[in-house]
Amino acid sequence: LPAATAAQASQLPRLYTAASLCSYIGRPADALAYALSASALQTDPNYQPFDSAWVRFREAVAQLDAGRPDRYLEICTELAAQPGLAHVIGLCGLVAFLPSVGRADEAMSIAEDAMAAANAHANPYWVAFAHVGYGRALAQADPVRAMDKFREGLAYAREHPIPYWEAVFAREAGGLEAVHGDPEQALDLLSTSLDSFHKAGNKATLAWTLASLAVLFE
């Protein structure tokens, strides 16, 4: 980034957006600074703007990893109200996180819309994201259907493949198995998730899987 900034590389907004992925390796403050820098450069005529929806979503994730879920939800709500990819990202971001703050009913009310929008956009990353949200929205009210959705998503993530979502689906399915199903199967699924995130150096999401493992042991 310092060299690209000094050279005024035309793709600098994209580079700052990519750098904000450092949120996953335990650097949410840096990630937020990078995302905000990308956003500030979007209107600078010296640079090629990157997709604004991606820029805003990286900011949202950094806010969440920094312990500000309200800000994450605000940004996703703003994105969901826009057309195109922003609409897909916003809906997926909302449906996947609302259950975590006790708003599963709200998540369920938009789960079908999120799936439809993601399928219409036809990007496997967002299709997988929509599956995660759908399963989470169902988890308390209908754990059997939720498990079906998680296993369907796991197969989808392996088919394409998307290692990040494979690890997430393994965690989600394992967490549900821990509470409602087979403890041995839950342990296998959580082990798969832990191994994947550990290999990737993904500290933020690894912590979530460790929490699910603690629930299983309890």
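We count residues from 1, following the sequence as given.
Side-chain atoms of Cys22 and Ile25, non-hydrogen and from C-beta on, do get closer than 4.5 Å to each other. Residues Tyr156 and Glu152 form no side-chain contact, since every pair of their non-hydrogen atoms from C-beta on lies 4.5 Å or further apart. In this structure the side chain of Phe57 reaches within 4.5 angstrom of the side chain of Tyr72, judged on heavy atoms.
Crowding of Glu159 atom CD: a count of heavy atoms from other residues, nucleotides or ligands under 6.0 Å exceeding 12. Heavy atoms of other residues, nucleotides or ligands lying less than 6.0 angstrom from CG of Asn119 number more than 12. Around the NE2 atom of His198, the shell of radius 6.0 Å holds no more than 12 heavy atoms that belong to other residues, nucleotides or ligands.
Atoms CG and CG, on Asp70 and Leu64 in that order, are 10.5 Å from each other to the nearest 0.5 Å. Interatomic distance, CG of Leu213 versus CD of Glu218, reported as 12.0 Å (0.5 Å rounding). Rounded to the nearest 0.5 angstrom, Phe169 CZ and His131 NE2 are separated by 6.5 Å. For the atom pair Ser100 OG and Leu73 CG, the distance stands at 9.5 Å (nearest 0.5 Å). Distance check: Gln63 CD to Ser23 OG gives 10.0 Å after rounding to the nearest 0.5 Å. Thr192 contributes atom OG1, which lies 9.5 Å from atom CG of Leu187 (distance to the nearest 0.5 angstrom).
Taken together through direct or relayed side-chain contacts under 4.5 Å among Ile, Leu, Val, Met, Phe, Trp and Tyr, Leu85 and Ile110 form part of one hydrophobic cluster. Leu32 and Leu21 end up in different hydrophobic clusters when Ile, Leu, Val, Met, Phe, Trp and Tyr side chains are linked at under 4.5 Å. Note on Leu210: it clusters hydrophobically with Leu216, by side-chain heavy-atom contacts below 4.5 Å among ILVMFWY residues. Met147 is connected to Leu189 through a chain of hydrophobic side-chain contacts under 4.5 Å among Ile, Leu, Val, Met, Phe, Trp and Tyr, so both are in one cluster. One hydrophobic cluster, built from ILVMFWY side chains closer than 4.5 Å, cannot hold both Tyr24 and Trp208; they sit in different ones.
Between Ala137 and Ala107, the shortest heavy-atom distance links the atoms CB-CB, 3.8 Å. In plain terms, the two heavy atoms of Ala38 and Val55 that are nearest each other are CB-CG1, 4.0 Å. Shortest non-hydrogen contact noted between Ala141 and Pro143 is C-CD, 3.8 Å. Of all heavy-atom pairs spanning Pro28 and Ala66, the tightest one is CB-N, 3.8 Å. Across all non-hydrogen atoms, the minimal contact from Ala186 to Gly174 is CB-O, 3.4 Å. Closest approach of Ile75 to Arg56, counting heavy atoms only: CG2-O, 3.5 Å.
Judged as a salt bridge (charged side-chain N to carboxylate O under 4.0 Å, His left out), and not counting sequence neighbours, the contacts of Arg27 are Asp30. Taking the side-chain hydrogen bond (donor to acceptor under 3.5 Å, both in side chains) definition, one finds that Gln11 meets it with Arg14, Gln48, sequence neighbours left out.
Counting only residues at least two apart or on different chains, no salt bridge (charged side-chain N to carboxylate O under 4.0 Å, His left out) pair has a member in residues 119-128. Screening residues 160-182 for salt bridge (charged side-chain N to carboxylate O under 4.0 Å, His left out), with sequence neighbours left out, gives Arg136-Glu172, Arg151-Glu177, Arg158-Glu166.
Of the possible donor and acceptor atoms, none in the side chain of Ser191 sits under 3.5 Å from a partner among the backbone N and O of Asp188. When atom types are taken as modelled, the side chain of Ser37 and the backbone of Ala33 share a donor-acceptor pair closer than 3.5 angstrom. Judged by distance alone, the side chain of Ser196 and the main-chain N or O of Ser193 form no donor-acceptor pair under 3.5 Å. Listed for the Trp126 side chain is no donor-acceptor partner under 3.5 Å among the backbone atoms of Ile89.
Side-chain heavy-atom separations under 4.5 angstrom define the hydrophobic clusters, and the remaining members of the one that includes Met108 are Met115, Tyr134, Leu138. Through chains of ILVMFWY side-chain contacts below 4.5 Å, Leu15 is grouped with Leu1, Leu12, Tyr16, Tyr34, Leu41, Tyr47.
The aromatic rings of Tyr125 and Trp54 are tilted relative to each other, their planes meeting at an angle between 30° and 60°.
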